[in-house]
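The chain is numbered in sequence order, starting from 1. Worth saying up front: this structure is predicted, and the values here are computed from it rather than measured.
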Amino acid sequence: MKIFEQETSNTAFNDLFSHRSLKDLQKEVYSVKGLRKELTDIYQKLSAYINANAQVKSDEFFVKTLEVLNNSRKYYADVLARRKAGGKVLSEPLKEEGK
């Protein structure tokens with residue numbers, strides 16, 4: 001009786017393990033470093049295109065898009081500055097000493 005239970009348990013384990021191994025092998029792995037570089041290149045090309053069109057054509061679409069892009073850049077720079085400052089809000093300019 002114990003041998004039968006052991007064989008059943010071993011078979012169930014092997015089935016579970018083989019399915020898990022197959023699932024792990026089929027999982028697609030991404031290179032975050034490569035994706036980040038690719039997205040940065042695309043972003044830089046797009047922003048250069050928008051900037052050039054806003055300056056040359058003076059089309060309202062490109063001017064507004066450039067404003068949105070610059071606003072997003074400022075927001076992101078502010079977020080990074082807050083992180084660097086340890087969560088302190090940097091909305092007020094720093095006062096110079098002696099003035």
Side-chain angles (χ1 to χ4, degrees):
M1 194 68 158
K2 280 193 168 210
I3 294 176
F4 177 72
E5 288 175 10
Q6 196 172 21
E7 286 176 357
T8 306
S9 178
N10 188 33
T11 304
F13 171 79
N14 287 336
D15 287 342
L16 179 67
F17 187 76
S18 65
H19 288 303
R20 188 183 311 159
S21 296
L22 182 63
K23 216 184 264 188
D24 287 344
L25 289 173
Q26 290 176 340
K27 186 190 295 186
E28 192 167 348
V29 178
Y30 297 101
S31 167
V32 175
K33 190 174 186 178
L35 286 173
R36 186 177 290 137
K37 183 182 180 326
E38 184 181 350
L39 285 173
T40 300
D41 291 342
I42 292 169
Y43 170 76
Q44 288 175 345
K45 288 176 185 176
L46 178 65
S47 61
Y49 174 78
I50 292 169
N51 188 27
N53 277 306
Q55 289 178 358
V56 173
K57 293 183 179 180
S58 298
D59 185 7
E60 188 174 336
F61 172 77
F62 290 110
V63 172
K64 291 286 186 189
T65 305
L66 184 60
E67 288 175 7
V68 170
L69 185 64
N70 287 335
N71 187 34
S72 299
R73 285 179 174 172
K74 182 179 178 337
Y75 175 79
Y76 184 66
D78 289 346
V79 168
L80 292 180
R82 279 194 301 271
R83 284 184 188 169
K84 195 170 188 177
K88 297 176 186 172
V89 178
L90 297 175
S91 60
E92 295 180 19
L94 297 174
K95 297 179 181 177
E96 294 181 25
E97 289 185 29
K99 288 190 178 181

**Asked** Residues in side chain to side chain contact (heavy atoms under 4.5 Å, CB included) with I42, at least two apart?
**Response** E38
**Request:** Could you tell me which residues satisfy side chain to side chain contact (heavy atoms under 4.5 Å, CB included) with T40, sequence neighbours excluded, listed by chain and number?
**Result:** R36, Q44
**Asked** Does any pair with a residue in residues 50-62 pass salt bridge (Lys or Arg N to Asp or Glu O under 4.0 Å), and if so which ones, sequence neighbours excluded?
**Response** none
**Asked** Charged N to carboxylate O below 4.0 Å: is that the case for D41 and K37?
**Response** yes
**Item:** Which residues share a ring-ring contact (aromatic ring centres under 6.0 Å, His included) with Y75, sequence neighbours left out
**Value:** none
Using residues 64-74 as the side-chain source, report each donor-acceptor pair under 3.5 Å to any protein atom, sequence neighbours left out, with the distance given to one decimal.
unit_1, atom_1, unit_2, atom_2, d
T65, OG1, F61, O, 2.7
N70, ND2, L66, O, 3.4
S72, OG, V68, O, 3.0
R73, NE, Y43, OH, 2.8
R73, NH2, S47, OG, 3.2
K74, NZ, D78, OD2, 2.9

**Prompt:** Of all heavy-atom pairs between I50 and F62, which one has the smallest distance, and what is that distance?
**Reply:** CG2-O, 3.9 Å
**Prompt:** By side chain to side chain contact (heavy atoms under 4.5 Å, CB included), which residues pair with L39, not counting sequence neighbours?
**Reply:** none
